[in-house]
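The next block holds one structure in the form of structure tokens; read it before the comments.
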Amino acid sequence: MTSMHSDRLPGHPHIAYVGDELFVEQTPLSALAQQYGTPLFVYSRASMLAALAAYQQGFAGRQVQICYAMKANSTLAVIQLFARAGCGFDVVSLGEMRRVLAAGGLARRIIFSGVGKTRAEMHAALEAGVGCFNVESEAELEVLNEVALRLGRQAPVSIRVNPNVDPQTHPYISTGLKDNKFGIAHERVVQTYQRAAALPGLRIEGIDCHIGSQITQETPYLDALDRMLDLLEAVERAGVPIHHIDMGGGLGIDYNGETPPQADALWHKLLDKLDARGFGQRALMIEPGRSLVGNAGVCVTEVLYLKPGEQKNFCIVDAAMNDLPRPAMYQAYHQIVPLKPRATAPETWEVVGPICESGDWIGHDRDLSVQQGDRLAVLSAGAYCMSMASNYNTRNRAAEVLVDGAQAHLIRERESYADQMRLEHLIT
Ligand SMILES: *Cc1c(COP(=O)(O)O)cnc(C)c1O
């Protein structure tokens with residue numbers, strides 16, 4: 001631990017030990033925990049903007065719309081930050097669209113994705129004027145056409161194709177293989193575009209794919225781009241022009257020493273391929289989520305009890321699977337580090353939450369030097385944590401703070417028990 005003092009944490013450029021304390025930018029986490037309580041999510045504004053800048057640098061001089069896939073972290077102030085930085089948004093529900101509009105994002109920069117859009121969602125999104133519907137099935141095309149005609153509009157559409165490449169990631173977050181529920185099988189793509197072109201309520205804009213999440217290699221992207229361009233050529237040969245190519249999201253982050261490609265380096269290679277195949281002038285879209293916010297966030301938690309045992313030592317903390325669902329859901333790994341490292345020799349702990357489920361764990365076999373009352377930071381908690389949080393065990397969802405240098409903004413208050421019970425009724 002001592003080697004970490006006044007060190008940046010690898011993969012987390014805005015999180016560092018300064019002296020004996022863990023800081024996000026110029027703000028000590030212990031002061032935030034003191035002020036706002038735990039569990040507490042803390043995000044670095046600079047880290048989010050730096051992650052976005054890596055994409056923007058990769059695309060310098062090109063016609064590209066970056067649409068932040070906000071399901072990764074849909075807190076209003078996070079959306080506002082990306083909207084002000086020029087991002088559009090990839091939304092997967094009407095609720096997400098409402099959040100974008102409430103945070104000042106533009107409807108025309110919204111892409112509406114998802115396999116199960118309802119008629120009501122299509123109607124509201126058309127009325128708001130979203131930029132594009134990423135359509136995932138032939139049946140959905142027919143319904144979208146009907147809804148648009150009834151409104152007297154044309155729906156802008158892109159068709160999500162399934163390029164059938166293996167993103168080499170966890171099966172739950174791999175989406176571009178044949179047996180996934182997402183997208184249209186590549187042998188049906190030309191027919192589907194021809195059908196869409198014949199429907200008067202639709203206007204064809206693009207072609208899209210999204211092959212998976214937490215992708216740490218560049219090969220799946222290069223393969224997917226080749227298949228997308230093959231399909232695009234086939235569709236245009238069949239007489240249906242396509243304006244933009246949307247390569248989805250999925251770029252991974254460093255949770256535990258992974259070395260995903262940098263966004264700018266990856267896009268340098270993808271743009272070379274586009275140029276080589278004669279598509280360098282085509283408008284592009286991308287939908288990054290995790291890679292913009294994941295390593296910008298930590299979850300601060302307090303050690304409630306230590307329970308050493310014969311087989312295992314349990315370190316029981318006040319954050320749980322309702323706050324940090326990824327370990328229980330995907331056996332995911334998050335680094336766990338102390339806010340104030342101790343000099344004593346570490347022991348091995350099972351770091352677990354208070355929820356009545358054996359699946360409520362945050363880290364297995366972690367070497368930590370801890371005492372009751374210490375605070376720990378669970379790293380890489382900016383993506384798919386708060387946005388997946390629940391009230392299981394009637395636990396209030398955590399508060400969130402956005403750090404900007406030495407300034408901290410409370411962007412979400414801790415939920416109250418009254419908030420949780422507000423919509424319920426006793427029987428009279
Ligand atoms: C989830 C999702 C994304 C973002 O994925 P990340 O792995 O967070 O980058 C992009 N596009 C679609 C359609 C998605 O469902």
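Each ligand, and each atom within it, is numbered from 1 in the order the structure gives. Only this structure's heavy atoms are used, side chains among them; waters, hydrogens and symmetry mates stay out.
Not a single heavy atom of Gly248 sits less than 4.0 Å from an atom of ligand 1. Distances shorter than 4.0 angstrom do not occur between any heavy atom of Phe182 and any atom of ligand 1.
Here the shortest heavy-atom pairing between Asn322 and Asn396 reads ND2-O, 4.5 Å.
Taking a cut-off of under 4.0 Å to the non-hydrogen atoms of Arg160, the atoms of ligand 1 that pass are 13 (C). Short contacts between ligand 1 and Arg290, defined as distances under 4.0 Å to a heavy atom of the residue, involve ligand atoms 6 (P), 8 (O), 9 (O). Residue Tyr384 approaches ligand 1 through these ligand atoms, each under 4.0 Å from one of its heavy atoms: 1 (C), 4 (C), 5 (O), 6 (P), 8 (O). Distances below 4.0 Å separate heavy atoms of Ala69 from the following atoms of ligand 1: 3 (C), 4 (C), 10 (C). Taking a cut-off of under 4.0 Å to the non-hydrogen atoms of Glu287, the atoms of ligand 1 that pass are 3 (C), 4 (C), 10 (C), 11 (N), 12 (C), 13 (C). Below 4.0 Å from some heavy atom of Gly249 lie the following atoms of ligand 1, by number and element: 9 (O), 10 (C).
Where the criterion is an N or O separation shorter than 3.5 Å, residue side chain and backbone included, Gly250 meets it with respect to ligand 1. Residue contacts with ligand 1: Ser291 is placed with no nitrogen or oxygen under 3.5 Å of a nitrogen or oxygen of the ligand (distance criterion only). At least one N or O atom of Lys71 sits closer than 3.5 Å to an N or O atom of ligand 1. At a 3.5 angstrom cut-off on N or O pairs, Gly289 counts as close to ligand 1.
Side-chain contact between Tyr43 and Val293: absent, with no pair of heavy atoms (C-beta onward) separated by less than 4.5 Å. You'll find the side chain of His244 reaches within 4.5 Å of the side chain of Cys132, heavy atoms only.
Gln65 places no side-chain N or O within donor-acceptor distance of the main-chain N or O of Met285, the cut-off being under 3.5 Å.
Annotation: cation-pi geometry satisfied between Arg366 and Tyr333 (NZ/CZ under 6.0 angstrom from ring centroid, within 45° of ring axis).
Taking atom 5 (O) of ligand 1 as the reference point, the nearest protein heavy-atom neighbour is His210 CE1, 3.3 Å.
Exactly one of Arg188, Arg195, Gln191 qualifies for a side-chain contact (heavy atoms from CB on, under 4.5 Å) with Glu138. That residue is Arg188.
A donor atom on one side chain and an acceptor atom on the other are found under 3.5 Å apart for Glu357 and Tyr392.
The number of heavy-atom neighbours closer than 6.0 Å to CD of Gln420, taken from other residues, nucleotides and ligands shown, is above 12.
Contact check on Arg397 versus Asp419 returns no salt bridge, with no Lys/Arg side-chain nitrogen under 4.0 Å from an Asp/Glu carboxylate oxygen.
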